[in-house]
Visitor: 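Before I ask anything, let me first share the structure, which is written out below as structure tokens.
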Amino acid sequence: MRFAERIGQINASQTVWFTALIQKLKQEGREIINFAVGEPEYPTPGSIVAATRDALEQGKTRYGPVAGLAALKSSLAGQFEGLDDSNILVSNGSKQCLYSIFQALCDPGDQVIIPRPYWVSFSEQVRLAGAEPVFVDTRAHQLDCEGIEKAITGRTRIILINNPNNPTGAVYPQADVERVAGIVRQHDLLLVSDEAYAFFVYDNATCKSPMEIDDLREHCVVVRSFSKSYSMTGFRVGYVAAPAPVIQALSKLQSHLTGNVCTFAQEGALAALDLGDSFVRTMQSDLQHKRDIAFQYADKLFTCIKPRGAFYLFPDVSAHLGESRTAEDLAAMLLEEVGVAVVPGEAFGMHNHIRISYALPEKDLIAGFERITEVL
Ligand code: GLU
């Protein structure tokens with residue numbers, strides 16, 4: 001069978017692959033502690049489930065507007081000063097939002113600057129658009145603004161930031177985000193800001209969207225998600241906030257790609273927006289507590305920077321690798337010998353590291369780290 005060249009040029013998502021592998025191992029009776037998948041353990045809040053069920057019972061099972069339900073778009077636009085419905089597109093998770101952005105905004109040969117390490121799908125989605133990912137290494141997980149500016153060429157189209165960051169959990173200081181925004185403005189580029197973890201910020205850190213920066217609105221495309229924020233990963237609801245012409249281009253693409261996002265899932269998302277601050281605060285304080293437990297262990301075992309966002313640690317595991325062992329080997333050993341799944345740093349473009357998701361029940365978190373401690 002002959003496949004298109006573009007499909008040969010990309011790797012399957014390792015985070016998704018791990019999820020499937022772990023499910024399979026569990027079905028086979030293995031008792032696995034899952035530090036691999038980025039998914040909060042909390043059940044989907046009852047009001048979201050009820051609104052989805054009501055929508056189904058009320059027959060809201062038909063096609064809807066391609067860019068999203070009007071009520072949902074209006075509520076989402078309200079999160080951004082000066083934006084309205086024409087600036088919002090609802091898509092199947094932030095993953096599809098990002099895919100469509102690169103398809104709609106990049107021509108073959110265009111370059112997208114991506115700080116490294118990076119979430120698995122960024123590089124492959126850029127390649128699928130025929131564009132070239134240009135990686136700029138972070139420094140101690142923080143943006144290298146100078147390096148980003150140096151990486152700009154006549155073919156640069158987009159600078160992509162993901163704040164709070166997957167896989168490192170880093171939260172970027174506002175001054176750095178503003179500096180990148182200045183670079184974007186000066187070189188007439190676009191800043192794509194992946195804010196899937198916007199709710200997950202600890203130690204009273206703040207994480208403002210670049211959409212709030214003066215004069216950047218015409219250069220800024222924000223991607224957010226309901227998945228993690230409201231523990232509704234399977235609903236597949238994410239959204240883009242962007243200048244209206246970008247939304248029109250994305251809608252044109254989406255009209256041929258999937259049409260609207262599942263109508264009753266959008267009704268569930270609408271109910272999520274009514275949950276209010278206390279829901280978010282409870283989740284934040286629980287995850288900050290788990291971050292502290294996880295960091296305490298990881299700091300003893302590895303070289304680990306304490307993250308202030310998302311729900312990942314990304315320690316340097318070199319001390320346990322020796323001459324020939326890679327992080328992939330270490331991850332395979334942990335899974336095989338003690339049934340703990342982690343994602344090797346190679347998936348995120350970085351050797352000698354592993355990603356640990358700590359968004360799981362406290363007893364599993366502790367048991368997982370005890371197993372790792374013992375085997376190492
Ligand atoms: N984004 C999550 C992760 O990094 C979920 C899996 C995926 O879509 O990549 O684990």
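Order of listing sets the numbers, starting from 1, for every ligand and every atom in it. The model shown is predicted, which means the values in this text are computed figures rather than measured ones.
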Visitor: Restricting to side chain to side chain donor-acceptor pair (under 3.5 Å), what partner residues turn up for Lys208, sequence neighbours left out?
Guide: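 In terms of side chain to side chain donor-acceptor pair (under 3.5 Å), with neighbours along the sequence ignored, Lys208 is linked to no residue.
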
Visitor: Please name all residues satisfying side chain to side chain donor-acceptor pair (under 3.5 Å) with Asn352, sequence neighbours left out, ordered by chain then number.
Guide: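 For Asn352, no residue satisfies side chain to side chain donor-acceptor pair (under 3.5 Å) once neighbours in sequence are set aside.
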
Visitor: Assess whether a salt bridge exists between Lys363 and Glu370, defined as any Lys/Arg side-chain N lying under 4.0 Å from an Asp/Glu carboxylate O.
Guide: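 Looking at Lys363 and Glu370, the cut-off is not met.
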
Visitor: Compare every heavy atom of Gly368 with every heavy atom of Val340, then report the nearest pair and how far apart it is.
Guide: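 Minimum heavy-atom contact is CG2-O, 3.9 Å.
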
Visitor: One line per pair, note the atom names and distance for all nitrogen or oxygen contacts under 3.5 Å between ligand 1 and the protein.
Guide:
unit_1   : atom_1 : unit_2 : atom_2 : d
ligand 1 : 1 (N)  : Lys228 : NZ     : 3.0
ligand 1 : 4 (O)  : Trp119 : NE1    : 3.3
ligand 1 : 4 (O)  : Asn166 : ND2    : 3.0
ligand 1 : 4 (O)  : Arg355 : NH1    : 2.9
ligand 1 : 8 (O)  : Lys95  : NZ     : 2.9
ligand 1 : 9 (O)  : Thr15  : OG1    : 2.6
ligand 1 : 9 (O)  : Trp119 : NE1    : 3.1
ligand 1 : 10 (O) : Gly38  : N      : 2.9
ligand 1 : 10 (O) : Arg355 : NH2    : 2.8

Visitor: Residues in ring-ring contact (aromatic ring centres under 6.0 Å, His included) with Phe264, at least two apart?
Guide: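 If we apply the ring-ring contact (aromatic ring centres under 6.0 Å, His included) test to Phe264, skipping adjacent residues, there are no hits.
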
Visitor: Against the six-membered ring of Tyr202, is Arg308 placed for a cation-pi contact (under 6.0 Å from the centre, within 45° of the normal)?
Guide: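 No.
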
